[in-house]
Structure formats: structure tokens, C-alpha cells
Amino acid sequence: SHFNPRSSMRAALKFLAKCLGVFFLWTAIGAVLYAVGTEVWVRQNDPANLGSPERISDVVDFPPIEEMLVEADAVLVTTVTRRPSDIDFDAEGAGYVLDEKGIIFRIRQTGARDTIPYLILPNDRTADHVPFRALAMHPGFLDSDSRGYGRFYTVEPEKSGSGHPDFVPEHGGDFEHHQDVLVEYQTTDPSARTFTGSRKVLARFSQPGLEHNVSDLAFDRIGRLFIAVGDGGSSAKPGKDAPSRNAMSLQNVFGKVLRIDPLGDNSANGRYGIPPRNPFLVIEGALPEIWCYGLRDPRRIEFDPYRDWLSIVDLGQDGIEEVNISEVGGEHFGWDICEGSYFYPPSRGKRSTEGVTSPRIEFASEENVRAAGGFIYRGEEFPALRGRLLFSDSNGKLMSSKIDGQGGISRLLVGNQRSLGSTPITGIRPGPTGELFLLTDNGDVYELQKRNASATSKKSKRPILCWAL
């Protein structure tokens, strides 16, 4: 036969064309399958598209709570208007109670409340539908040689547009629901029954929703002020571009605890100072006010003067409440990729311990029941509790744990349900000597005392049985 090079070349080209056609066809099919698979994976693993479990106990196995009997009295110190939100004390033991409507009441060392309010905070700019939540007395409030003499601080909700905000959310800040305003008051007479003095705005926070706002204030021993700021998420689902993502970024203050010097002037707005050892001060692009980050809704913070630690009670999204400890600053507590010691949502299982700081305590919240506060107990009334974390939920459950979280949680069971068990707790705080003070929804303020010590007290007593490990 006669060999024809031209026809052989034509056949080879046809074969090559077929091979290329098959290759491109399978490449296109593979690309489509990859794109579809990727989209399915993203949808399955994006927290914004994952539903919450019906009960947190379905996916999280919390250790059992142990108990031990300790007798005590819940001594009724005073009664203010409904829903007190915070209490703080001066160096001589006088208490100042803030309620959600913005009224401050002064309680004398004897426990008697002055018949008229110490100060009424609301004004024509107040956002009436947002509660007042935080009050902090400067450590030098009674010290005439201190720069903090006569000064105390509040967070006040004001209407949208009341002033130019110093801080705006990086994510989810398109709409301003209201502004949280950090305010300094300075009285001319710290021992007076009512306030007379000056008011100064230190900073404004633009808030996109009713919740996850600026929730608490706490001073350290030398007058540096910690500020607990929620992520701005309110009811929004976590996920990409959601307000929850604020907590991960060092370029905004939301989902953080901040630390400032309220008497300084080297901040961007010149109305407060930045402490020189703040952990992110030298990080390019990071806001120098940030102390720690990765928090969802840090509802209560408390400074421990013995170890210079900050306890942080953070409310969870899917039912895990946590108590964190910031020891040196700079900690990342994981939100919004983690909730407690689990990935978010918790149904994805436990996370690695690398890269984020684990909570010291975590426990399941019940429906409409949230953590109400927590601190390291340094009082003398209950030696078995000294040096342990005390914390509570809003349903009246008091709990305790070792600081390192080892050994589990013990529950302080309220024996007389008519005293506290049927009244929601709105907050707990250490008193001037480290003892436990409780704020309740109906306006009662209690101090927890040993039964033999409270027998001689002139304050009204409410007997309870406390259980503790």
C-alpha cells in the first residue's frame, strides 16, 4: 500500500482534537462539581447558615455540679426602684446603686438609703428604650490628694445622632440604633447626699442594635478604667460580614474589653489617655485602647486586686455562658469562630486549644436565663469560698468554682425560695470588704452574711442555705 503522509497527519490531528475535547469537557465538569461542592461546604459550615441545636445539652456534655452545705443569711440591705443594674462602693463603704432608668441611689454604711436620689442621669438626649447598665467609682473618689477625687463614671444611652461617634462598628454599622456615651462626673463634695458638680463626655460608641453594647466598667487599683464592649451583633446571626465579625478585628473596639486612663489626654479625641503598657499599643493598625478581644457580649467585668486579673462574664449565642480571666492583656477569647471551648456552633465539636484563650468556666444557660455576673471572692465570711470564682445566672442560681476551672462547678442552692429563688438576679458584685452583694429584679439589694454574724445585724434577714464545694 501507498503511505500518504498528509492523510496520516489529518488523522493524528483529528485524534488530538478529540482528546482535547474530552479533556476540556471533563475539566468543565470538574470545575462545576468543585464549585457546587465548595458552595455546599461553605453553606454547611458558615455559622450564619447553621441552625442552633434545640438544647445545648444535646451537643455539649457538661460535667455534673457538686454541692456542700454552708449556712448563710441573705441580708436585705435596701430596696430601690425596680431592676437595679449596678452597684459600686467608695472607700468608706457607702454604696451607689444605679437602676435601669438611670437613677443613682446612695446607701449609707448602715444600709439606710437616702430618701432622695443621689443623681438622675436621663436628659433630653437619652434613648429611653435602652437601659442604663454601668457605674464605677474612681479608687480615689474620697482621697483629696488623688486626681480621681470626687470622680465616678457611667455609660449612658443617647439617641442616634446625638453627637459625633468616636467608634463605629467595622461590620454591621450601616444603621445607628443609639449611642453609648462614656461620661465622667466630678462632685464638689464626695460626702454629700446629692450630686453637685460637672459632667464630661469621654467617648461615644455608635451602636447598631439594642443589645451587645457597652455593658460594664471596672477600675484597677491605680485608676485605669476597663470598658466592656459587645460585638454590636444584637439578634443578628454570626457569620461573614455580620456584626459578630467585629470581635475578631483589632481595628475596631467592638467585641472587646478596653483599658483607658480616664484622666489622661493622649487618645485620638484628646478626652482620655492610653496607658503606656496596653498590649496592642505598638501593633500597626490596631486600636491602642484594646485590652483583650474575641468576646460576644461581655456583660460583667470585675478587677481582682490580689492578682491584677480581670474576670469577664461573656454571654453565649447558642447557650454556653462563659467566665474568662484576662491575666496580662492581649488574650483572644475566640468569638465568633468559637463559643466557650467549642467551635461555633457547638455542634461542630470541641476546638483546638491553640490560638485562643479558653474560658475558665463554662455552663449551659436555660431559655431566657443568662449569666448575671461573676468575680473572684476575697471576703472573710466564707473561708471555703475564698479565692474561688463566684458567679450567677439571672434565675437566682449562685455558683462557685476554682479559679483554674478544675474540680467542676458547685452550686450555691437558695434554700428559702421566697427570698431569692423566685426573684431574678440582675447582678452580683463584691462589696467594700469583698463580700457578695446581689441585685434583684424587684429592687432589693442583698448582702450574703454568715448566720452567726448576721444575727446582730439591724438589716432585714432572709435565711438561705448555701451549697458550695
Side-chain angles (χ1 to χ4, degrees), residues 75-126 131-158 181-202 216-225 227 261-264 271-272 303 426-427 429-435 437 439 443-447 457-460:
V75 177
L76 180 64
V77 177
T78 190
T79 299
V80 296
T81 57
R82 287 184 59 82
R83 294 198 65 80
S85 57
D86 206 358
I87 186 171
D88 203 2
F89 300 85
D90 64 26
E92 292 183 354
Y96 296 81
V97 180
L98 170 70
D99 73 8
E100 289 191 349
K101 294 296 184 182
I103 302 175
I104 299 177
F105 299 90
R106 183 174 181 271
I107 305 172
R108 283 168 273 173
Q109 293 90 331
T110 59
R113 176 173 68 85
D114 290 330
T115 55
I116 57 176
Y118 178 74
L119 177 62
I120 299 176
L121 299 177
N123 53 51
D124 58 356
R125 296 182 301 275
T126 299
F132 289 76
R133 286 185 175 141
L135 168 69
M137 316 301 292
H138 194 283
F141 180 74
L142 293 180
D143 183 0
S144 59
D145 293 327
S146 169
R147 293 178 62 217
Y149 180 68
R151 300 179 196 263
F152 61 93
Y153 298 81
T154 65
V155 177
E156 303 181 10
E158 292 191 359
V181 185
L182 176 62
V183 180
E184 174 192 270
Y185 289 89
Q186 184 172 21
T187 178
T188 56
D189 182 5
S191 62
R193 296 175 58 193
T194 58
F195 174 83
T196 302
S198 60
R199 179 183 188 269
K200 174 187 175 182
V201 171
L202 299 188
D216 206 8
L217 303 171
F219 274 103
D220 66 10
R221 292 177 293 108
I222 62 175
R224 292 168 297 196
L225 181 63
I227 307 166
D261 174 8
L263 305 180
R271 295 196 291 268
Y272 60 87
F303 184 78
T426 58
R429 288 292 197 194
T433 60
E435 302 303 336
F437 278 74
L439 307 176
D444 290 340
V445 179
Y446 292 90
E447 180 183 5
S457 174
K458 296 181 180 179
K459 304 171 187 176
S460 300

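Predicted, not measured: the structure shown is a model, and the values here were computed from it. Hydrogens, waters and symmetry mates play no part in the numbers below; they use all other heavy atoms, side chains included.
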Worksheet, complete the sentence: Quick note, side chain to side chain donor-acceptor pair (under 3.5 Å) partners involving residues 136-146, not counting sequence neighbours, are none

Worksheet item: So do Leu98 and Thr154 actually touch side chain to side chain, heavy atoms under 4.5 Å?
Response: no

Fill in: Minimum heavy-atom distance between Pro84 and Val97, given as atom pair plus value
CB-CG1, 3.8 Å

Worksheet item: Is there a donor-acceptor contact under 3.5 Å linking the side chains of Asp189 and Ser191?
Response: yes

Discussion item. Quick check against the 3.5 Å criterion: does Glu156 have a side-chain atom that pairs as donor or acceptor with the backbone of Pro122?
Written reply: no

Worksheet item: Short question: side chain of Glu184, backbone of Leu202 - any donor-acceptor pair under 3.5 Å?
Response: no

Fill in: Test item: Arg151 and Leu263 side chains (from C-beta on) under 4.5 Å apart, heavy atoms
yes

Worksheet item: Which pairs with one or both residues in residues 101-115 pass salt bridge (charged side-chain N to carboxylate O under 4.0 Å, His left out), sequence neighbours excluded?
Response: Arg106-Asp114, Arg108-Asp114, Asp114-Arg193

Worksheet item: Looking only at heavy atoms, what is the nearest atom pair of Gly223 and Pro262, with distance?
Response: O-CD, 3.4 Å

Worksheet entry | Whether Thr188 side chain and Thr196 backbone form a donor-acceptor pair below 3.5 Å | yes

Worksheet entry | Closest heavy-atom pair and its distance - Phe437, Val77 | CE2-CG2, 3.9 Å

Response to the item:
Heavy-atom nearest pair, Phe89 first then Pro430, reads CE1-O, 3.8 Å

Practice prompt. Supply the atom-to-atom distance Ile116 CD1 to Ile103 CD1, rounded to the nearest 0.5 angstrom.
Written response: 12.5 Å

Fill in: Sidechain-backbone polar pair: Arg133 side chain, Val155 backbone, donor-acceptor under 3.5 Å
no

Practice prompt. Look up atom OG1 in Thr79 and atom CZ in Phe105, then write down how far apart they are to the nearest 0.5 Å.
Written response: 11.0 Å

Worksheet entry | CG on Leu135 to CG on Asp86, rounded to 0.5 Å | 5.5 Å

Item to complete: Quick one: do Phe219 and Met137 satisfy side chain to side chain contact (heavy atoms under 4.5 Å, CB included)? Show the steps, please.
Response: CA-CA 8 Å; Phe219 274 103; Met137 316 301 292; over 6 Å; no

Discussion item. Under the rule for ring pair (Phe, Tyr, Trp, His ring centres under 6.0 Å), what residues qualify as partners of Tyr185, not counting sequence neighbours?
Written reply: Phe152, Phe195

Worksheet entry | Minimum-distance pair of heavy atoms, taken over all atoms of Asp88 and Ala136 | OD2-CA, 3.4 Å

Worksheet item: How far apart are the closest heavy atoms of Arg429 and Asp216, and which atoms are they?
Response: NH2-OD1, 2.5 Å

Discussion item. So Val183 and Glu158, do their side chains get closer than 4.5 Å, heavy atoms only?
Written reply: no

Practice prompt. Check whether any side-chain heavy atom of Leu217 sits under 4.5 Å from a side-chain heavy atom of Leu182, and report yes or no.
Written response: yes

Practice prompt. Calculate, to the nearest 0.5 Å, the distance between atoms CZ and CD belonging to Phe141 and Glu92 respectively.
Written response: 10.0 Å

Worksheet entry | Qualifying residue for side-chain contact (heavy atoms from CB on, under 4.5 Å) with Tyr96, from Ile107, Leu119, Asp90 | Asp90

Discussion item. Are Tyr118 and Thr187 packed together at the side-chain level, in the sense that at least one heavy-atom pair is separated by less than 4.5 angstrom?
Written reply: yes

